[in-house]
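Only one structure is covered here, and it is reproduced in the block below.
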Amino acid sequence: MPSRKFADGEVVRGRWPGSSLYYEVEILSHDSHSQLYTVQYKDGTELELKENDIKPLTSFRQRKSGSTSSSPSRRRGSRSRSRSRSPGRPPRSSRRSASASHQADMREMRKEVLEVKLTPLVLKPFGNSIRYNGEPERTERDGMLHRNAEEKFHLSEEISSLSTQYSLHPRREEIKLKDIDSKEENIVPTKGSTLLKTSEVLGTQPKSLEFGGVPGVFLIMLGLPTFLFLLLLLCKDKEASLLNFPPPMPALSELWDTRAFAVYLFWFSLQALFYILPIGKVVEGMPLADGRRLKYRLNGFYAFLLTCVAVGAALCWGVELHYVYHHFLPLALAAATFAMALSTYLAVRAAWAPPAALAPASSGNAIYDFFIGRELNPRIGTFDLKYFCELRPGLIGWEALLTTMDITHDGFGFMLAFGDLVWVPFIYSFQAFYLVTHPNEVSWPMASLIIALKLCGYVIFRCANSQKNAFRKNPTDPKLAHLKTIHTSTGKNLLVSGWWGFVRHPNYLGDLIMALAWSLPCGFKHVLPYFYVIYFTVLLVHREARDERHCRKKYGLAWEKYCQRVPYRIFPYVY
């Protein structure tokens with residue numbers, strides 16, 4: 001096996017594909033099979049180059065300052081006025097010779113751009129990086145303008161940050177690349193001609209929809225509320241057998257209770273009041289598409305304490321808390337009605353939302369966006385509707401949320417509104433609702449085992465999320481210096497040790513362990529109380545698959561390396 005000439009982390013000069021220009025790059029890795037080096041330019045672009053396309057920095061020290069550039073994305077205003085001789089340009093001795101030199105350069109430039117080899121280059125975008133196969137052949141992308149032979153080619157002033165665009169500044173001449181995201185051109189030479197022609201222009205690709213697309217989300221919106229109520233009715237049955245499915249339906253008067261709806265509105269308003277109290281610290285969320293960072297007040301712990309005080313005061317005033325159990329179905333219907341009304345409001349207000357406020361998951365389809373949410377961060381003043389509903393009415397205390405997919409990617413629509421306000425509070429408490437009708441005695445050894453399992457899951461969940469959030473907030477924190485990382489073309493690093501070197505989603509593993517601990521007190525007489533564990537496993541496996549697709553698209557080659565280092569997704573040695 002031939003030895004490699006350059007080491008990982010070494011700063012060298014790499015030739016830009018298809019040109020004679022060299023730029024400062026960093027060696028990221030080396031493939032011993034293909035003998036290609038993965039390098040990164042200063043603008044974040046990642047390419048694969050052959051060894052003969054890489055030169056040490058010392059070989060350029062004797063050259064003039066104008067002969068090389070530190071980055072392929074330098075601006076026109078920063079170009080040096082000194083000019084080095086190129087093989088295609090004779091010395092400038094007069095205006096006439098300068099004009100001849102310019103024409104020679106233009107001929108050389110056309111030759112370099114127009115002479116496309118028979119083996120075309122395939123550019124593969126990975127997030128904000130571009131992979132190159134190491135050959136000088138290339139296919140220009142994103143709107144290459146084909147004009148007559150006598151027209152000049154122009155280079156754009158700087159390389160775009162988009163993964164599929166790049167440009168250079170070969171001295172005075174330029175080639176112009178237009179920003180057209182949705183088109184791709186395959187450039188081939190015509191026989192007997194030096195002109196390039198477009199063989200095919202691809203139209204805009206439709207955005208891939210999740211959850212089965214429009215038919216899928218439509219069925220989910222109809223099926224989830226129905227299934228929830230059938231599950232609760234089945235749980236109240238003393239037999240609690242799946243053979244009795246579907247259970248007998250109660251009268252509408254047993255489901256709808258105006259007082260229960262008022263109680264739910266009071267609970268929602270009380271938590272909203274606690275949310276806006278000027279207590280707790282204010283932190284910034286992840287950067288948005290326009291670079292802004294929204295501010296969030298973290299006072300969930302104080303809201304929990306105030307809620308406990310309010311419940312204690314209610315008991316002192318004679319309020320009977322068993323009202324919640326006896327009106328569980330009416331309260332669930334009240335929450336579902338409120339969630340549907342909130343989803344409708346969110347869909348209407350999103351119609352006037354500016355493009356910068358839309359969620360990456362939105363599609364433009366009215367039904368799909370009603371489900372997934374069209375607006376990313378709907379706010380009334382400083383009151384963040386999505387953040388509040390995620391953490392307060394149904395789940396208090398989950399504060400490590402700002403880096404999750406719910407906040408950074410998904411909009412706020414029926415999916416999160418129904419999930420936060422209905423599914424979470426009424427399904428996650430399903431075991432307690434079941435035990436009222438089906439009591440089960442647990443021995444002290446079994447209880448100790450369940451508590452230990454619960455604490456184990458909590459430690460994994462809490463420590464993994466804390467490690468991730470601390471790293472994202474300050475990757476240079478000395479407390480995290482022992483963690484190993486993989487650098488990505490986006491400028492961010494991927495954790496490859498600690499909890500995130502154990503499995504790719506250790507927080508999901510901790511969540512599932514806690515879910516099992518919540519169900520074990522129900523015993524093993526019926527499978528019904530384990531619906532929570534089964535559902536939660538399906539949910540997190542699907543969520544992990546969504547996250548996997550997003551990360552693979554965003555981080556590209558770096559994510560592939562991470563998957564090789566951490567092969568298991570959630571369950572060690574299983575999945």
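All values below were derived from every heavy atom in this structure, side-chain atoms included, with hydrogens, water molecules and symmetry-related copies excluded. Please read these numbers as outputs of a predicted model, since none were measured by experiment.
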Stepwise side chain to side chain donor-acceptor pair (under 3.5 Å) check, Thr437 with Tyr325: CA-CA 11 Å; Thr437 309; Tyr325 172 77; 3.2 Å; yes

Electrostatic pair Arg552:Glu548 at N-O distance under 4.0 angstrom: yes

From OH (Tyr562) to CD1 (Ile486), nearest 0.5 Å: 8.5 Å

His542 side chain near Phe211 side chain, heavy-atom distance below 4.5 Å: yes

Side-chain donor or acceptor of Glu399 paired with backbone N/O of Gly300 under 3.5 Å: yes

Side chain to side chain, Tyr573 and Val503, heavy atoms closer than 4.5 Å: no

Side-chain touch Phe412/Ile407, heavy atoms, less than 4.5 angstrom: no

Geometric class of the His526/Tyr434 ring pair [parallel <30°, tilted 30-60°, perpendicular >60°]: perpendicular

N-O pairing of Glu284 and Lys295 below 4.0 Å: no

Ring geometry between Phe371 and Tyr368 (parallel below 30°, tilted from 30 to 60°, perpendicular above 60°): tilted

Aromatic centroids of Phe388 and Phe268 separated by under 6.0 Å: yes

Side-chain donor-acceptor pair present, Arg374, Asn365, cut-off under 3.5 Å: no

Separation of Cys563 SG from Tyr555 OH (nearest 0.5 Å): 12.5 Å

Interatomic distance, Asp511 atom CG to Leu516 atom CG [nearest 0.5 angstrom]: 12.5 Å

Validation row: Leu329, Leu233 side chains within 4.5 angstrom (heavy atoms): yes

Close aromatic pair by centroid cut-off 6.0 Å: Trp500 and Phe471: no

Distance (rounded to the nearest 0.5 Å) between Leu277 CG and Leu306 CG: 6.5 Å

Beyond-backbone contact of Leu376 with Leu288, side-chain heavy atoms, under 4.5 angstrom: yes

Backbone of Tyr575 reached by a side-chain donor or acceptor of Arg569 within 3.5 Å: no

Under 3.5 Å: donor-acceptor pair, side chain of Arg349, backbone of Arg379: yes

Any donor-acceptor pair under 3.5 Å from Ser362 side chain to Leu358 backbone: no

Any Phe430 side-chain heavy atom under 4.5 Å of Leu232 side chain: yes

Side chain proximity check, Leu520 to Leu449, heavy atoms < 4.5 angstrom: no

Phe383 and Tyr275 aromatic ring geometry - parallel, tilted or perpendicular at 30°/60° bounds: perpendicular

Rounded distance (nearest 0.5 Å) linking atom CG of Asn440 with atom CG of Leu435: 7.0 Å

Intermediate values then yes/no, side chain to side chain contact (heavy atoms under 4.5 Å, CB included), Val217 and Met415: CA-CA 9 Å; Val217 300; Met415 181 181 73; over 6 Å; no

Atom CZ of Phe261 with >12 non-hydrogen neighbours under 6.0 angstrom: yes

Aromatic centroids of Phe531 and Phe227 separated by under 6.0 Å: yes

Candidates Tyr428, Phe426, Trp518 - the one meeting ring-ring contact (aromatic ring centres under 6.0 Å, His included) with Tyr532: Tyr428

Side-chain (Asp369) to main-chain (Ala347) donor-acceptor, under 3.5 angstrom: no

NZ/NE/NH1/NH2 to OD/OE distance under 4.0 Å, Arg546 and Asp410: yes

Pair Gln40-His487, side chain to side chain donor-acceptor pair (under 3.5 Å): steps then yes or no: CA-CA 10 Å; Gln40 184 181 52; His487 186 68; 3.2 Å; yes

Sub-4.5 Å side-chain heavy-atom contact between Ile372 and Ser363: no

Aromatic ring pairing Tyr323/His327, orientation class (parallel under 30°, perpendicular over 60°, tilted between): parallel

Short side-chain to backbone donor-acceptor contact, Arg504 and Pro567, under 3.5 Å: yes

Exceeds 12 heavy-atom contacts within 6.0 angstrom, atom CZ of Phe218: no

Ring geometry between His409 and His550 (parallel below 30°, tilted from 30 to 60°, perpendicular above 60°): tilted

From CG (Leu509) to CD1 (Ile460), nearest 0.5 Å: 5.0 Å

Within the 6.0 Å centroid threshold, strictly below: Trp267 and Phe338: no

Enclosure of Phe266 CZ (heavy-atom neighbours >12, cutoff 6.0 Å): no

Side-chain ion pair, Asp406 and Arg543, N-O less than 4.0 Å: yes

Among Asp420, Asn299, Thr307, side-chain hydrogen bond (donor to acceptor under 3.5 Å, both in side chains) partner for Arg392: Asn299

